[in-house]
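Values below: every heavy atom of this structure, side chains too, minus hydrogens, waters and symmetry copies.
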Amino acid sequence: MNNINCLVVEGNVVRQPEFKTTPHGYPICKIPIAVNHFYKKAASGGYEKEVSFFEVETFGKLAEVCAKYSQKGRGMSVVGRIRQNRWKTEEGKHASRVTIIAEKIEFKQRFAKSESNENDAKAAESESAAEEAVANALAQQAIEESAEDLAF
């Protein structure tokens with residue numbers, strides 16, 4: 001019996017994703033994201049910012065979609081599970097790394113930076129919304145196709 005291992009995070013891509021294929025030709029995309037958390041300090045009453053960095057891994061068609069649409073600074077929501085890799089270093093010490101295995105990704109809309117021409121800003125925002133819709137549709141299609149492949 002599997003235990004529950006479900007995670008939802010929303011953050012921003014920190015740097016360009018790393019896309020590669022296995023020797024058997026299976027696509028993998030690793031996306032580094034930063035997740036911000038703000039909280040109020042009791043002592044001072046001021047707000048503190050806490051940033052956590054995670055590596056998100058995607059596979060198959062979802063990896064191909066993520067490689068295309070996950071540019072640095074892009075916001076995304078990730079639904080997935082946590083995986084811990086463990087190994088021994090050359091010095092014989094135990095080491096581990098926790099990654100997020102994505103099962104669903106939703107890309108957030110990019111907004112145009114303040115531009116002098118309002119029409120250009122509206123056009124850029126409209127284009128960004130269209131790109132977001134395409135990216136989310138492709139990601140959803142990739143998820144559905146992988147679910148069909150796993151169905152017995």
List the atom pairs, donor and acceptor, that lie under 3.5 Å between side-chain atoms in residues 27-56 and the rest of the protein, sequence neighbours left out.
| from | atom 1 | to | atom 2 | distance (Å) |
| --- | --- | --- | --- | --- |
| S44 | OG | G46 | N | 3.2 |

Non-hydrogen atoms of N12 and G75 that approach each other most closely
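Taking N12 first and G75 second, the nearest heavy atoms are OD1-CA, 3.2 Å.
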Has the side chain of N5 got a donor or acceptor atom that lies under 3.5 Å from a matching backbone atom of I82?
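Present.
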Among the clusters formed by ILVMFWY side chains lying less than 4.5 Å apart, do V78 and L7 turn up in the same one?
yes
Look at the side-chain heavy atoms of Ile, Leu, Val, Met, Phe, Trp and Tyr, link any pair under 4.5 Å apart, and say whether V98 and W87 land in one connected group.
no
Can you run down the salt bridge (charged side-chain N to carboxylate O under 4.0 Å, His left out) pairs that involve residues 82-94, sequence neighbours left out, and say none if there aren't any?
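Every pair satisfying salt bridge (charged side-chain N to carboxylate O under 4.0 Å, His left out) with a residue in residues 82-94: E57-R83.
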Can you tell me how far the CD atom of Q84 sits from the CZ atom of R97, to the nearest 0.5 Å?
11.5 Å
Inter-residue atom distance T58.OG1 - I105.CD1, 0.5 Å rounding
5.5 Å
Show me the side-chain donor-acceptor pairs of residues 59-71 shorter than 3.5 Å, one per line, residues at least two apart or across chains.
| from | atom 1 | to | atom 2 | distance (Å) |
| --- | --- | --- | --- | --- |
| S70 | OG | C66 | O | 2.8 |
| Q71 | OE1 | R110 | NH1 | 2.9 |
| Q71 | NE2 | K68 | O | 2.9 |

Result block: side-chain N/O donor-acceptor pairs under 3.5 angstrom for residues 15-26, not counting sequence neighbours:
| from | atom 1 | to | atom 2 | distance (Å) |
| --- | --- | --- | --- | --- |
| Q16 | OE1 | K72 | N | 3.0 |
| T22 | OG1 | H24 | N | 3.4 |
| T22 | OG1 | G25 | N | 3.4 |
| T22 | OG1 | Y26 | N | 3.0 |

